[in-house]
Amino acid sequence: MEESKEYAWLREIERKWQKKWEEAKVFETDPVENKPKFFITFPYPYVNGAPHLGHTFSSMRVDSYARFKRLLGFNVLFPQGFHATGEPILGVQERLNKGDEIQIKTMKLYGATDEDIERFKKDVKYIVEFWINRWINDLKLAGFSIDWRRTFVTAIDDHYHRFVTWQYKKLKEKDYIKQGRHPVIWCPHCQSPTGDHDRLKGEGETPVEFSIIKFRFNDSTVFPVATLRPETIVGVTNAWINPNGKYVLAEVDGEKWVVSEDAIKKLEDQLKIVHVIKEVDPKSLIGKKVHVPLIEKDVPILPSEIVDTDFGTGCVMSVPGHAPYDYIAFIETKKDPELSKYLEGIEPISIIKLDGYSDLPAKDAIEKYGIKSSSEDEKLEDATNEIYKKEFHVGVMKDNVLFLAGLKVSDAKEKVKELLQEKKAHDTMWETSGVVICRCTTKCHVKILENQWFIDYSNLEWKAKVKKWMKKMKFYPEEIRKLFFDTVDWLKEKACTRKTGLGTRFPFDKEWIIEPLSDSTIYMSYYIIQKYIAKHGIKAEQMTDEFFDYVLLGKGGVKEVVSKTGLDESILKEMRNEFEYFYPVDLRGSGKDLVQHHLTFFIYHHLAIWDNEKYWPRAIAVNGFVNVAGEKMSKSKGNIIPLRDLVTKKFSADLVRINIVTSAEDLDDADWRDENVNSFYSRMLNIYQITKKVAEDVPKGEKTKIDDVIVNRLKKIYHDWLEHTEALRFRSAAQRSFFELYSTISRYIEYKGGIENANKETLKMLIEYFAKMNSPLIPHFTEEIWSMLGNKPFVFSEPIKNLGNVDKKTMMLEKMIDDLLSDVRKLIDLSRKNTKIYLYAFDDEDKKILEEIQKYLARTFGFKEVKIYHKDNKNAIDPMNKRQKAKKFKPAIYLE
RNA sequence: GCGGGGGUCGCCUAGCCUGGUCAAUGGCGCAGGGCUUAGGACCCUGUGGGGUAGUCCCUUCGUGGGUUCAAAUCCCACCCCCCGCACCA
């Protein structure tokens with residue numbers, strides 16, 4: 001990336017202030033008695049790369065808010081840890097070892113050298129440490145106000161393992177940990193669940209439970225048909241098998257089943273006991289009859305290519321009236337000279353009434369989509385989808401089946417399952433909702449994991465408690481609150497362990513590792529502890545359960561903990577006090593993608609571990625994603641920009657901060673555009689110049705009424721800024737504190753007729769407020785101008801002063817000037833006269849302020865003469881008799 | 001399918017909850033003008049159409065209806081876009 005000379009001076013300023021902050025340790029926050037605290041956090045990032053624009057938006061919002069709270073006088077704690085739990089780091093290593101070009105390129109983009117990459121291949125810890133160092137460095141360069149004494153990493157740290165272990169023991173005590181079965185999408189080659197990110201194909205596909213209906217041969221051997229639509233059993237005309245597939249006879253849970261060979265391993269993975277007895281030639285099944293339960297009739301088995309042996313059992317029931325696939329296969333069979341005999345006298349059966357369709361919706365769909373053959377897979381899929389959805393939602397069972405007559409299809413489905421179960425003719429099987437291919441190119445199927453461990457988020461008491469608390473919490477923006485409630489509503493048991501990846505061993509079953517989302521719910525409390533681990537070299541072994549009980553819960557006597565851990569009593573007490581001081585978390589901010597899991601778990605777990613609401617989270621702020629020039633960020637588009645390059649080469653920290661943070665608010669996605677940087681930069685440059693002049697004592701003017709008007713405007717800006725920033729609406733806030741204040745300063749100087757005629761005190765005040773209000777977004781630059789004006793560092797050291805209320809009357813004076821200017825402009829345009837202007841003021845007050853902008857008017861519009869009269873002045877020049885039209889705040893105008 | 005968020009004057013965006021002060025905020029872009037010093041990045045003006053010595057009229061806020069003296073804002077229907085749906089950071 002090219003280094004820009006233009007912004008070099010800003011970068012210099014930034015390095016300077018970063019150094020001063022660090023030397024003064026201003027962001028190292030400890031308890032201060034009687035000073036209100038604010039504990040703010042950003043979810044720790046996963047460290048398999050360096051920070052880029054995507055991370056930047058959320059985290060800079062959090063940093064800006066931390067700085068804002070400091071400005072209001074809070075003792076702000078903003079710590080930052082890092083996350084290494086889970087699979088991706090191992091995945092990176094594996095790909096590097098395989099020589100994956102894209103992975104190598106990504107690592108290099110972020111600044112890893114060939115040497116580093118060689119070490120990555122061998123040393124996981126090095127990968128983690130390398131990227132953590134990089135993160136810390138980059139965040140410092142971007143001006144983050146973080147207390148770095150408290151940083152830590154998960155998964156590879158024994159201290160943290162202890163913490164997680166303790167937490168899980170607590171959860172288990174409270175009965176929030178359960179064990180059970182769970183279907184997952186499984187790669188038979190990798191022997192592990194295949195998550196969305198590990199898929200070559202099939203992102204978003206999930207396990208779906210199918211019904212198996214047990215049709216039977218004479219000898220009661222089962223012909224198990226798999227279906228999502230058991231209710232259509234009443235419209236069965238025949239069954240299908242694939243004549244070219246491999247089928248077997250097998251013993252399944254003690255019964256004899258005929259199924260496709262492909263189905264065997266799935267059934268096994270779904271906890272069925274399966275023994276294959278022998279192969280079965282599918283052709284030998286053709287024409288054989290099977291008995292259909294419930295409707296108690298025999299139907300023939302027929303061959304068709306529509307059957308996929310690798311889907312379900314490879315045995316399908318045929319409902320030509322309501323399933324497009326079946327309909328087309330049915331027609332083809334009827335036309336087949338060899339096979340048609342089996343369907344003699346058999347026609348599609350109409351069983352569901354569907355408005356807007358004939359008796360046979362499947363037939364309608366076939367015609368609508370112009371399907372000519374059973375090989376037109378894509379069209380058949382669409383047709384099936386259409387019919388399935390419509391029938392499910394609005395279809396009603398017809399009267400020809402007594403036990404279902406009049407039922408909605410969705411109800412009939414449940415009813416049929418029940419009835420089949422009574423007859424022991426029902427079973428279930430899981431399939432993927434669509435084809436899923438693992439990264440290793442193996443096709444995946446559904447496996448039911450046994451002895452899986454869960455966090456029981458479905459626990460009703462827990463849910464109710466969470467919801468009750470969420471009513472009291474603050475959410476930014478408010479709209480997101482609903483999503484949190486919905487999330488709690490649909491949360492079920494969540495699998496909290498995995499067999500692979502980095503992480504903490506599950507304390508009750510060491511074969512399992514606690515998965516990443518589950519080890520990250522209450523770690524904000526760990527920031528308190530980490531400071532002491534770093535400072536006093538506390539060993540992992542000393543961090544016993546009693547230790548955590550005491551420090552975090554205030555349980556147990558300190559003497560007892562001293563004897564168990566060997567730690568100093570004073571240190572323990574200090575930790576406990578510090579926890580008491582800083583907890584709860586006052587604000588947690590992140591992207592909206594985390595709402596449905598992490599942020600909700602964060603609430604759940606705090607309520608589970610701490611009994612007192614005193615320690616429960618107070619507020620959550622959520623924001624959108626980041627686009628670059630209107631496009632989604634992605635590796636393939638090559639628009640992932642490392643933060644460091646933007647900050648140290650292309651622009652500067654402040655420019656990046658203000659440009660990204662103000663680019664969107666609420667739930668909107670941010671859009672990074674290079675060209676917008678300039679609208680900030682040009683104004684900063686000018687403020688800098690003005691500040692220099694003020695520092696050099698250039699302004700010599702008196703304070704006049706205009707000064708009041710301008711300061712009154714500042715008050716308005718201040719109040720708006722405060723309100724918007726408080727709610728993390730940085731865009732709206734900056735519109736006031738940055739753009740509007742800038743133009744106010746600009747206007748002030750214009751009215752005064754140049755900077756030397758401005759009043760120094762007013763100008764200084766305007767710039768100081770500019771510095772304070774914008775310091776959350778552009779901390780370095782504002783620090784610079786703040787100190788240029790002779791103020792002591794730092795800009796946030798002294799709380800910002802409330803400016804008092806806006807004066808309505810003064811406001812009207814301002815409006816009067818604005819209106820006057822626009823009226824004059826209009827009149828000049830219309831009359832084409834701009835030699836002389838005569839203004840007739842309503843009263844002395846109006847007259848006075850008009851006199852103040854007299855020169856400004858002459859300069860701006862090029863008048864040779866500007867006369868201002870009181871409206872009652874009988875000697876006034878007034879050829880058009882305008883002066884009687886003057887109103888309060890609305891002088892009359894005459895042009896020549 | 002379930003759930004959430006949206007569609008505003010070239011682009012991005014404010015307004016909508018609490019109807020009128022809304023031809024509708026700010027930025028970007030574009031056009032015109034200014035500058036003996038805040039100086040190449042600044043300032044001002046314009047940016048739906050029309051009219052007039054100033055606060056006027058017409059047509060606009062996804063589409064189609066409705067409520068109302070009055071709707072970008074409230075109600076109904078429809079169309080379209082984005083996001084999440086879990087063992088994954």
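What you see is a predicted model; the values in this text were computed from it and never measured. Letters A, B, ... are given to chains in the order of the sequence lines, protein chains preceding strands, and every chain is numbered from 1.
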- Would you check if Trp131(A) and Val92(A) make a side-chain contact, meaning some heavy-atom pair closer than 4.5 Å? no
Tabulate protein N/O versus nucleotide N/O from nucleotides 46-49 of chain B, keeping only pairs under 3.5 Å, one per line.
none

Rounded to the nearest Å, what distance is computed from the [atom1] atom of residue [X] to the [atom2] atom of nucleotide [N]?
X         : N      : atom1 : atom2 : value
Leu821(A) : C43(B) : CG    : C1'   : 14 Å
Lys592(A) : G4(B)  : NZ    : P     : 15 Å
Phe485(A) : G84(B) : CZ    : C1'   : 19 Å
Asp823(A) : C56(B) : CG    : P     : 11 Å
Ile455(A) : C87(B) : CD1   : P     : 14 Å
Arg683(A) : G26(B) : CZ    : C1'   : 10 Å
Arg736(A) : G27(B) : CZ    : P     : 12 Å
Ile514(A) : C87(B) : CD1   : P     : 18 Å

- Query: Is the phosphate of G27(B), meaning OP1 or OP2, less than 4.0 Å from a side-chain N or O of Ser679(A)?
  - Reply: no
- According to the salt bridge (charged side-chain N to carboxylate O under 4.0 Å, His left out) rule, which pairs have a member within residues 728-748 of chain A, sequence neighbours left out? Arg713(A)-Glu740(A), Asp720(A)-Arg736(A), Arg747(A)-Glu814(A), Arg747(A)-Asp818(A)
- Message: Using the ring centroid of each side chain, check whether Phe863(A) and Tyr856(A) are separated by less than 6.0 Å.
- Response: no
Looking only at atom [atom1], what distance separates [N] and [M], rounded to whole Å?
N      : M      : atom1 : result
C28(B) : C82(B) : C1'   : 23 Å
G62(B) : C11(B) : P     : 13 Å
G51(B) : A23(B) : C1'   : 15 Å
A71(B) : U21(B) : C1'   : 15 Å
A14(B) : C42(B) : P     : 25 Å

Suppose we define a pair by two distances each less than 3.5 Å, Watson-Crick or G-U wobble; what does [N] pair with here?
N      : value
A53(B) : none
G40(B) : none
G3(B)  : C83(B)
A31(B) : U45(B)

With the side chain of [X] defined as its heavy atoms from C-beta on, choose the nearest nucleotide among [options].
X         : options                : value
Tyr681(A) : A89(B), G26(B), A41(B) : A41(B)
Lys890(A) : A53(B), C87(B), G54(B) : G54(B)
Lys882(A) : A89(B), G54(B), A86(B) : G54(B)
Glu515(A) : A86(B), A53(B), A89(B) : A89(B)
Gln596(A) : C87(B), A89(B), G84(B) : G84(B)
Leu827(A) : A41(B), A53(B), C42(B) : A53(B)
Ser746(A) : U55(B), A38(B), A89(B) : A38(B)
Leu895(A) : A38(B), A86(B), A53(B) : A53(B)
Asp486(A) : U55(B), G3(B), G54(B)  : G3(B)
Leu483(A) : G27(B), G54(B), G3(B)  : G3(B)

When we call it a touch if two heavy atoms are under 4.0 Å apart, what does [X] touch: a base, just sugar-phosphate, or nothing?
X         : result
Lys693(A) : sugar-phosphate
Gln452(A) : nothing
Tyr742(A) : base
Pro477(A) : nothing
Leu517(A) : base
Thr662(A) : nothing
Ala664(A) : nothing
Tyr894(A) : base

- Task: Take the angle between the ring planes of Phe738(A) and Phe770(A) and call it parallel below 30°, perpendicular above 60°, tilted in between.
- Result: tilted
- Residue closer to the 5' end of RNA chain B, Val824(A) versus Asn676(A) (nearest nucleotide): Asn676(A)
- Message: On RNA chain B, compare the nucleotides closest to Ala84(A) and Tyr856(A); which residue's is nearer the 5' end?
- Response: Tyr856(A)
- Please identify each residue that fulfils ring pair (Phe, Tyr, Trp, His ring centres under 6.0 Å) with His597(A), with sequence neighbours left out. none
- Is His597(A) side chain donor-acceptor paired with the C87(B) base, going by distance under 3.5 Å alone? no
- Message: Please determine whether any donor N or O and acceptor N or O are separated by less than 3.5 Å between the side chain of His598(A) and the base of A86(B).
- Response: no
- Query: Can any side-chain N or O of Lys888(A) pair as donor or acceptor with the backbone N or O of Phe842(A) at less than 3.5 Å?
  - Reply: no
- Item | Side-chain donor/acceptor of Ser518(A) to backbone N/O of Ile514(A), under 3.5 Å | no
- Using the ring pair (Phe, Tyr, Trp, His ring centres under 6.0 Å) rule, pick out the option among Tyr476(A), Tyr604(A), Phe475(A) that qualifies with Phe484(A). Phe475(A)
- Message: Among Tyr44(A), Phe42(A), Tyr523(A), exactly one meets ring pair (Phe, Tyr, Trp, His ring centres under 6.0 Å) together with His83(A). Which residue is that?
- Response: Tyr44(A)
- Message: Checking Gln452(A) now: which residues fulfil side chain to side chain contact (heavy atoms under 4.5 Å, CB included) with it, not counting sequence neighbours?
- Response: His182(A), Leu449(A), Phe454(A), Ala495(A), Thr497(A), Trp512(A)
- Item | Protein-to-nucleotide contact annotation, 5' to 3' order, nucleotides 5-23 of chain B [B base; S sugar-phosphate only; - none; under 4.0 Å, heavy atom] | --------SS---------
- With sequence neighbours left out, what residues match Asp593(A) under salt bridge (charged side-chain N to carboxylate O under 4.0 Å, His left out)? none
- Item | Nearest-0.5 Å distance, CZ of residue Phe781(A) to CD1 of residue Ile658(A) | 10.0 Å
- Could you walk me through whether Tyr840(A) and Tyr894(A) pass the ring pair (Phe, Tyr, Trp, His ring centres under 6.0 Å) test, one step at a time? CA-CA 8 Å; Tyr840(A) 313 95; Tyr894(A) 170 66; 7.5 Å; no
